[in-house]
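Naming: A, B, ... by sequence-line order, numbering from 1 per chain.
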2 protein chains.
Amino acid sequence: MAISEGLAIGALARRTGLADSAIRYYEAQGLITPWRNAGGQRRYQRADIRRLSFVMIAQQFGLTLPEIREVLSGLPGNRTPTPKDWTDISKGLRARLDQRIDTLTRLRDNLDGCIGCGCLSLPKCALYNPDDRAKSHGSGPRYLMGDAPDA
Amino acid sequence: MAISEGLAIGALARRTGLADSAIRYYEAQGLITPWRNAGGQRRYQRADIRRLSFVMIAQQFGLTLPEIREVLSGLPGNRTPTPKDWTDISKGLRARLDQRIDTLTRLRDNLDGCIGCGCLSLPKCALYNPDDRAKSHGSGPRYLMGDAPDA
DNA sequence: GTAATTTCTAAACCTAACTTTAGGTCAAGG
DNA sequence: CCTTGACCTAAAGTTAGGTTTAGAAATTAC
């Protein structure tokens with residue numbers, strides 16, 4: 001084993017706690033880009049441990065993989081990211097988090113008075129305010145009030 | 001049209017902003033229980049508008065459909081729910097929301113100092129604290145650090 | 001040099017929350 | 001009566017984020 005040939009996928013998996021299959025999947029999604037050794041196996045840089053850790057954290061914050069790829073694209077491509085590079089791209093996460101917290105707080109504060117009242121079925125109710133895109137998954141469009149006629 | 005035969009699915013759909021198919025799906029999941037008219041078509045009570053509105057709100061708060069069914073089971077079965085009935089079952093939502101807000105806030109407060117530092121790849125980092133079950137979906141186990149060796 | 005591990009790819013499978021499709025029935029208007 | 005629109009069911013398709021499986025090739029261990 002030549003010195004510093006990079007990490008094999010299993011090693012990276014053990015370092016991050018992710019499954020091999022998840023790491024390959026992230027590659028398919030453009031989140032990480034290993035090179036191949038002579039035999040065609042994937043090899044990773046040690047900096048990729050941090051990259052995947054960042055992915056995991058961003059997921060906990062509710063970002064989708066395309067969004068995370070977006071954020072990661074803010075890292076320098078030509079060199080190993082520095083701590084400052086990481087904190088820089090984290091600013092965007094911070095902003096998103098702040099917004100989600102605000103939204104949830106607003107929702108919470110409206111909940112008690114709103115559920116029991118007639119507005120529960122009205123588009124004007126603050127709880128229907130569609131600017132909360134914490135909206136998780138499920139595919140097709142699923143319009144959240146707003147055009148709903150009367151009630 | 002006899003007076004007060006209940007709402008047809010299309011009417012309920014227009015009132016709530018949901019698709020017909022979604023309403024049928026919710027029925028299959030036990031969230032709503034219409035009766036059938038002579039011709040076999042579904043008929044809904046007007047109180048079901050509120051019931052579905054509640055479902056939509058609870059979803060925004062991140063509850064799964066089984067969880068929502070659970071919560072809705074707290075409503076009286078024998079009569080149309082009163083405003084108080086609704087605020088009562090909303091208490092549980094309120095508690096969940098409080099917890100999510102706390103978690104996000106904690107995460108946010110750790111973010112800045114954490115991303116850039118070495119701990120990003122360490123199990124002890126607060127950002128890896130697995131007690132955040134805001135963890136959305138994806139099937140199999142996907143252990144979030146915690147057993148990860150060193151890094 | 002051979003056996004045991006890893007890794008490789010492609011394709012199928014999984015869950016949640018729905019939507020779409022296909023083929024038929026019910027209801028309301030003229 | 002007839003047509004149009006609303007409804008019905010069952011089954012298959014969709015998206016996100018992965019996992020599982022199968023069979024083959026590369027590495028590592030002894």
Going by the rule side-chain hydrogen bond (donor to acceptor under 3.5 Å, both in side chains), which residues pair with A:Glu70 if we only count those two or more places apart in sequence or in a different chain?
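A:Glu70 satisfies side-chain hydrogen bond (donor to acceptor under 3.5 Å, both in side chains) with no other residue.
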
Under the side-chain contact (heavy atoms from CB on, under 4.5 Å) rule, collect the residues that match up with A:Thr33, sequence neighbours excluded.
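Applying side-chain contact (heavy atoms from CB on, under 4.5 Å) to A:Thr33 gives none.
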
What is the distance from atom CG of A:Leu93 to atom CD of A:Glu67, rounded to the nearest 0.5 Å?
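Going from CG on A:Leu93 over to CD on A:Glu67, the span is 10.0 Å.
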
Looking only at the side chain of [X] (C-beta and beyond, no hydrogens), which of the listed nucleotides [options] gets closest?
| X | options | result |
| --- | --- | --- |
| A:Ile9 | C:dA27, D:dC8, C:dT7 | C:dT7 |
| A:Gln41 | D:dT9, C:dC26, C:dC8 | C:dC8 |
| A:Ser21 | C:dC18, D:dT19, D:dC8 | D:dT19 |
| B:Arg36 | C:dT9, D:dT9, D:dG17 | D:dT9 |
| A:Leu65 | C:dC8, D:dG18, C:dC26 | D:dG18 |

Please classify the nucleic acid contact of [X] as base, sugar-phosphate, or nothing, using heavy-atom distances under 4.0 Å.
| X | value |
| --- | --- |
| A:Arg43 | nothing |
| B:Ala38 | nothing |
| A:Arg24 | base |

Check whether any side-chain N or O of A:Tyr26 sits under 4.0 Å from OP1 or OP2 of D:dG17, and answer yes or no.
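For D:dG17, OP1/OP2 do not have a side-chain N/O of A:Tyr26 under 4.0 Å.
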
Can you check whether A:Arg42 has a side-chain N or O nearer than 4.0 Å to OP1 or OP2 of C:dT7?
no

Determine whether a donor-acceptor pair (N or O, by modelled atom type, separation under 3.5 Å) exists between the side chain of A:Gln99 and the backbone of A:Arg96.
no

Would you say B:Asp85's side chain and B:Thr82's backbone share a donor-acceptor pair under 3.5 angstrom?
yes

Rounding to an integer number of Å, can you tell me how far [X] [atom1] sits from [N] [atom2]?
| X | N | atom1 | atom2 | answer |
| --- | --- | --- | --- | --- |
| B:Asn37 | D:dC7 | CG | P | 11 Å |
| B:Ile23 | C:dC18 | CD1 | P | 11 Å |
| A:Leu7 | C:dT6 | CG | P | 15 Å |
| A:Glu27 | C:dA10 | CD | C1' | 14 Å |
| B:Arg69 | C:dA16 | CZ | P | 11 Å |
| A:Ile68 | D:dG18 | CD1 | C1' | 13 Å |
| A:Leu12 | C:dT6 | CG | C1' | 14 Å |
| A:Leu18 | D:dG17 | CG | C1' | 12 Å |

Identify, between A:Gly40 and B:Asp20, the residue whose nearest nucleotide on DNA chain D lies closer to the 5' end.
B:Asp20

Result for 5'-nearest mapping on DNA chain C, choosing between A:Tyr44 and B:Thr64, is A:Tyr44

